[in-house]
Structures are given as structure tokens and as C-alpha cells.
**Q** 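Starting off with a structure, shown below.
Every heavy atom of this structure was used, including side-chain atoms; hydrogens, water molecules and symmetry mates were not. Positions are given from 1, in the same order as the sequence printed here.
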Amino acid sequence: QFALLTHDTIATESKPEEEESEESKSKDGKKKSFQCNAYGSTVRIYSKDLELQAVGRNVAEGPAATLQGVQNAMAFATNGSLVACALEKVQGRHQIAFIERNGLRHGEFDVRVPETTSGSWKIESLHWDLASSILAVSLYNDTTGMGVIQLYYRENYYWYLKQQFSKQGLHCLGFDRENVGRLYIG
């Protein structure tokens, strides 16, 4: 399990990257936590003692490649297996990428962004349900004030859009941590 998850971005000073260890979990069994820098470009995995353990990266692009287009919305699964990160590599094309504990990218899916005549959509927040099988994606259009919540369900490593809610000013507050399937929206 992870020691910490923050939805707030943390501003850090720019410094050279430390070398990535081959093992994602330290030998003494320290817990991991996730942090996203304020500029939305890197996902870093830290131990409980704030030691850098791994950097989120795309394996297909080589060992030194980092994830591109990382946005501020991120959430880790309640079972601790994956971290969902919002990506926008190309303007207007939103994706959700999944990062394992060792920093490696483990799949993704494209978010179905609603058609609009004005403004652009951004992923406001991500929320996992209690069983880590449903991911709620909250989209918001600053120009129109329209909010959309999409519920994606995972089956055989494929993500299906199961439900969508749209309303002026709609925001996702998250899933209940005790009652399975209860989602709070406002």
C-alpha cells in the first residue's frame, strides 16, 4: 500500500534526476507514495521517508523516457496496484494512463470528450471506487460551465464507458469509502 496520495500539486525545485533503481520496492519494505510536480510533467514515486524510488515512464520509448503531457489530475487505486494519471499529449485529446508501483506505464484509454462549440474540456479529477474496478473521470469546461462525469469499468484490461452524467456546474466529489458503488456528485 501507499503511504500518501495528494491531489494538490507540489512545487519542487528543479534538480537533476536521480538514477532509477531496478527494484520499485526497497529491500526493507518501505511503503511508496506518489507526487506530481506543479508543472504537470513528471510522476515520481517516493518512499515513506521521501526517497525517490521511481519515475513514471513509458517503457516503449526506452529506459530514460518520461511520460509526456501529464496533467494535475491523478488518483491511485484503493487496492494500491495502479495510479491513474490524466494525460493530454495533443491538445483536445485526453487520455488516462496507468502507472504501476515501479513507475512503469501499464495501459491507457482515451477519454470520450463531449462535442462543444465554445471553450475546451479539461480533466478536473479522477476517483476510484472501493473495489478499484470503476474509475470516475470528472471533466469541466471553464467557458460554458458544463460539467461531465464519466464512469469507466475495467474488464480484461479494457476500459468501457458505462455511464455519463452532464449538467451545468457538475463536479465529482468521489466515491464513498465504506459503501460500494456510492458516488458523491455536486
Side-chain angles (χ1 to χ4, degrees), residues 1-2 4-10 17 20 22 24-25 32-46 52-116 120-141 147-166 172 174-175 183:
Q1 295 293 334
F2 301 110
L4 169 71
L5 170 72
T6 178
H7 288 288
D8 298 329
T9 55
I10 299 171
E17 292 292 327
E20 210 172 305
E22 288 184 23
S24 65
K25 188 173 183 180
K32 310 282 180 154
S33 64
F34 288 82
Q35 175 252 337
C36 177
N37 75 7
Y39 305 104
S41 61
T42 307
V43 176
R44 293 187 174 102
I45 302 166
Y46 289 88
L52 182 63
Q53 298 292 315
V55 176
R57 63 189 180 96
N58 188 359
V59 178
E61 296 175 9
T66 58
L67 293 173
Q68 301 297 316
V70 177
Q71 302 294 300
N72 289 335
M74 64 187 311
F76 66 84
T78 50
N79 66 11
S81 62
L82 294 173
V83 174
C85 299
L87 300 179
E88 187 179 14
K89 291 194 251 185
V90 178
Q91 188 169 353
R93 182 173 177 231
H94 296 279
Q95 290 185 317
I96 304 298
F98 299 99
I99 312 295
E100 295 177 342
R101 295 180 203 193
N102 60 6
L104 299 180
R105 185 174 180 162
H106 184 80
E108 74 278 328
F109 67 87
D110 290 334
V111 175
R112 296 184 191 176
V113 180
E115 297 280 334
T116 185
S120 62
W121 293 94
K122 73 171 195 158
I123 297 177
E124 185 177 48
S125 62
L126 303 171
H127 304 276
W128 290 91
D129 74 329
L130 192 58
S132 298
S133 61
I134 298 173
L135 181 65
V137 178
S138 180
L139 297 149
Y140 192 73
N141 187 320
V148 174
I149 298 172
Q150 298 177 338
L151 301 179
Y152 288 89
Y153 176 75
R154 175 178 53 186
E155 190 173 317
N156 292 329
Y157 295 102
Y158 187 80
W159 289 87
Y160 299 92
L161 177 61
K162 288 295 185 181
Q163 186 75 38
Q164 179 171 302
F165 306 99
S166 302
C172 184
F175 283 95
L183 177 67

**Q** Could you give the distance from CG (L183) to CZ (F165), rounded to the nearest 0.5 Å?
**A** 6.5 Å
**Q** For the CZ atom of F175 and the CG atom of D129, what is their distance to the nearest 0.5 Å?
**A** 5.0 Å
**Q** Any non-hydrogen side-chain atom of L87 less than 4.5 Å from a side-chain atom of H94?
**A** no
**Q** Check for a donor-acceptor pair, side chain of W128 on one end and backbone N or O of I134 on the other, with a separation under 3.5 Å.
**A** no
**Q** Within the supplied structure, the quantity of interest is the number of heavy atoms (other residues, nucleotides, ligands) at a distance under 6.0 Å from Y160 OH; does it exceed 12?
**A** yes
**Q** Measure the NE2-CG distance between H106 and L82 for me, rounded to the nearest 0.5 Å.
**A** 6.0 Å
**Q** Please find the pair of heavy atoms, one from A73 and one from S125, that lie closest to each other, and give the distance.
**A** CB-CA, 4.0 Å
**Q** With a 4.5 Å limit on heavy-atom distance, are the side chains of K122 and N72 in contact?
**A** no
**Q** With rounding to the nearest 0.5 angstrom, report the CD to CD1 distance, E108 to I96.
**A** 10.5 Å
**Q** Do you know the tightest heavy-atom contact between A84 and F98?
**A** CB-CE2, 3.8 Å
**Q** Answer whether the closest heavy-atom distance between the side chains of L135 and W159 falls below 4.5 Å.
**A** yes
**Q** Rounded to the nearest 0.5 Å, how far apart are CD of E124 and CG of N141?
**A** 11.5 Å
**Q** Can you sort out the partners of Q163 under side-chain hydrogen bond (donor to acceptor under 3.5 Å, both in side chains), two or more places apart, ordered by chain and number?
**A** none
**Q** Compare every heavy atom of L126 with every heavy atom of A75, then report the nearest pair and how far apart it is.
**A** CB-O, 3.3 Å
**Q** Find out whether I123 and V137 are in side-chain contact, i.e. whether some heavy atom of one side chain is under 4.5 Å from a heavy atom of the other.
**A** yes
**Q** For Q95, enumerate each residue passing the side-chain hydrogen bond (donor to acceptor under 3.5 Å, both in side chains) test, keeping only those at least two apart in sequence or located in another chain.
**A** D110
**Q** Let me have the donor-acceptor pairs involving side chains of residues 147-156, under 3.5 Å, with sequence neighbours excluded, atom names and distances please.
**A**
{"unit_1": "Q150", "atom_1": "OE1", "unit_2": "Y152", "atom_2": "OH", "d": "2.7"}
{"unit_1": "Q150", "atom_1": "NE2", "unit_2": "R112", "atom_2": "O", "d": "2.5"}
{"unit_1": "Q150", "atom_1": "NE2", "unit_2": "Q164", "atom_2": "OE1", "d": "2.9"}
{"unit_1": "Y152", "atom_1": "OH", "unit_2": "R112", "atom_2": "N", "d": "3.1"}
{"unit_1": "R154", "atom_1": "NH2", "unit_2": "S132", "atom_2": "O", "d": "2.8"}

